[in-house]
Amino acid sequence: MSPLLLIWLKFAACVCVIGVAGVRLSRYGDALAKLTGLSRNWIGLILIATVTSLPELVTGLSAVTVAAAPDIAVGDVLGSCVFNLAILALIDLVYREKVMYCVASSAHVLSAGFGVILLAGVALVLLLSAQGAIPTIGHVSLASVAILALYLMAMRALYKAEQRHAGHQVVEQPDMTLKAALWGYGVASVVIVGAGIWLPFIGVELARIMGWSNSFVGTLLVAFATSVPELATTWGALRIGAIDMALGNLLGSNLFDVVILALDDFAYLPGAIYQQVSPIHAVTAITACMMSGAVVVALAYRPVSRVWHTASWASLSLLAMYLLNAVLQYRHGM
């Protein structure tokens, strides 16, 4: 078997493993929502989003500590944010009952808004770090400390907002025991972590064989693979009609992904990670920020019509921005 075919088979196997675990995760997440009385929005935002972001976390830490590939770590995080927002557009395409933004809870505006702030901050950090304008504490950028603080503030605000609506939730009859749901949740998490450890090594080898840059491989290919759990759990949530769980998962994953970037900076000992990577990552961060802004507008405006019976203007703009970023990354990485 040729090395080229072998590496692509490894990549496909990793995607499949993460995908299967992600589908199971949506089922156990929905069961936990029923068993605990928490809303599907909150379960998706915190519980499922954290686990579906584990591949980005493990891949990033593995990339900066073992594989010595910071571009893959940063590209994976920001590329996953862009891909997650593109998944929102796919939801709107396949969900035919109503326009998705009319059905979804308005509570998602808050998480999407915090996404705009965090991603805009990352873009600014990448641009300023390239000029050495952001001070460091040892090998860690002060920006990473600020990102962690802002994330904690966001989680506190989201929790308080959820508590205001807690009294309106309807508790459904669970279809499994709490022990079974927690056990299944744990097993799916372990599988996702294992695949995430393997992924950056596949990415580095793929970049070497294909002659592509690490930033391109991280932003498009590795980001796609680590976003398979979000894609799989979103599909699983749609099958049970849990639109809020699907949106909470995707928007919550983006918030957690930005925190992963800060954690990667703590783990990357040669210096502040923002100074060691390609400036092209700022383009991805700005794209993700603009896409998050489009989601905020759509959730506030709640469009009721589809363009040519396909999807709303907001979803089509999300797809357009994703494709534009992919083209820019491709031209830079070749």
Side-chain angles (χ1 to χ4, degrees), residues 29 32-33 36 38-61 64 73-74 76-78 80-81 84-85 105-126 128-129 134-166 185 189 192-193 196 226 229-230 244-245 247-268 272-274 281 285 288-289 291-293 295-296 299:
L32 287 171
T36 60
L38 295 173
S39 71
R40 284 172 165 174
N41 176 24
W42 187 245
I43 288 290
L45 182 65
I46 301 298
L47 199 60
I48 294 182
T50 302
V51 174
T52 55
S53 292
L54 285 179
E56 286 90 346
L57 174 61
V58 179
T59 297
L61 293 177
V64 299
V74 176
D76 177 33
V77 166
L78 297 177
S80 294
C81 289
N84 288 343
L85 293 166
S105 168
S106 58
H108 296 296
V109 172
L110 189 58
S111 54
F114 275 118
V116 172
I117 296 171
L118 282 167
L119 288 164
V122 169
L124 184 62
V125 168
L126 287 168
L128 293 178
S129 295
I134 297 183
T136 61
I137 304 175
H139 68 279
V140 179
S141 171
L142 278 178
S144 295
V145 179
I147 287 172
L148 287 173
L150 184 56
Y151 175 78
L152 293 176
M153 290 173 56
M155 289 300 101
R156 184 174 184 273
L158 290 167
Y159 175 76
K160 285 186 171 296
E162 177 66 21
Q163 288 297 103
R164 296 193 193 108
H165 299 88
Y185 178 89
S189 302
I192 288 173
V193 169
T226 56
E230 283 88 352
D244 283 324
M245 181 185 291
L247 266 69
N249 172 33
L250 295 171
L251 297 175
S253 291
N254 276 11
L255 295 177
F256 191 73
D257 282 349
V258 177
V259 172
I260 290 172
L261 191 59
L263 297 178
D264 289 342
D265 185 34
F266 278 91
Y268 188 64
I273 195 172
Y274 313 104
H281 294 300
C289 180
M291 294 173 74
S292 298
V295 173
V296 172
L299 288 171

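The basis for the numbers below is simple: all heavy atoms, side chains too, and nothing from hydrogens, waters or symmetry mates.
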Measure across [X] and [Y] and return the closest heavy-atom pair with its distance rounded to 0.1 Å.
X: Glu56; Y: Asp76; answer: CA-OD2, 3.5 Å
X: Asp264; Y: Gly60; answer: OD1-C, 3.3 Å
X: Ser53; Y: Ile260; answer: O-CD1, 3.5 Å
X: Ala143; Y: Ile134; answer: N-CG2, 4.2 Å

Within the 4.5 Å heavy-atom criterion, are [X] and [Y] side-chain neighbours or not?
X: Leu148; Y: Phe266; answer: yes
X: Ile147; Y: Asp265; answer: no
X: Val258; Y: Val77; answer: no

Distance in Å, [X] [atom1] paired with [Y] [atom2], rounded so as to fall on 0.5 Å steps:
X: Leu118; Y: Leu255; atom1: CG; atom2: CG; result: 6.0 Å
X: Leu78; Y: Cys289; atom1: CG; atom2: SG; result: 11.5 Å
X: Tyr151; Y: Asp257; atom1: OH; atom2: CG; result: 10.0 Å

Residues two or more places apart in sequence or in another chain: which of them pass side chain to side chain contact (heavy atoms under 4.5 Å, CB included) with [X]?
X: Ser292; result: Leu85, Val116, Leu119
X: Ala112; result: Leu251, Val295, Val296
X: Ala154; result: Phe114
X: Leu152; result: none

Non-neighbouring partners of Asn84 that pass side chain to side chain donor-acceptor pair (under 3.5 Å), sequence neighbours left out: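 Checked Asn84 against side chain to side chain donor-acceptor pair (under 3.5 Å); matches are Asn254.
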Return the set of residues passing side chain to side chain donor-acceptor pair (under 3.5 Å) with Tyr274 (not counting sequence neighbours), or none when no residue passes.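 Testing Tyr274 for side chain to side chain donor-acceptor pair (under 3.5 Å), a comparison that skips the adjacent residues, returns Ser144.
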Is there a donor-acceptor pair under 3.5 Å between the side chain of Ser111 and the backbone N or O of His108?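 Yes, Ser111 side chain to His108 backbone: donor-acceptor pair under 3.5 Å.
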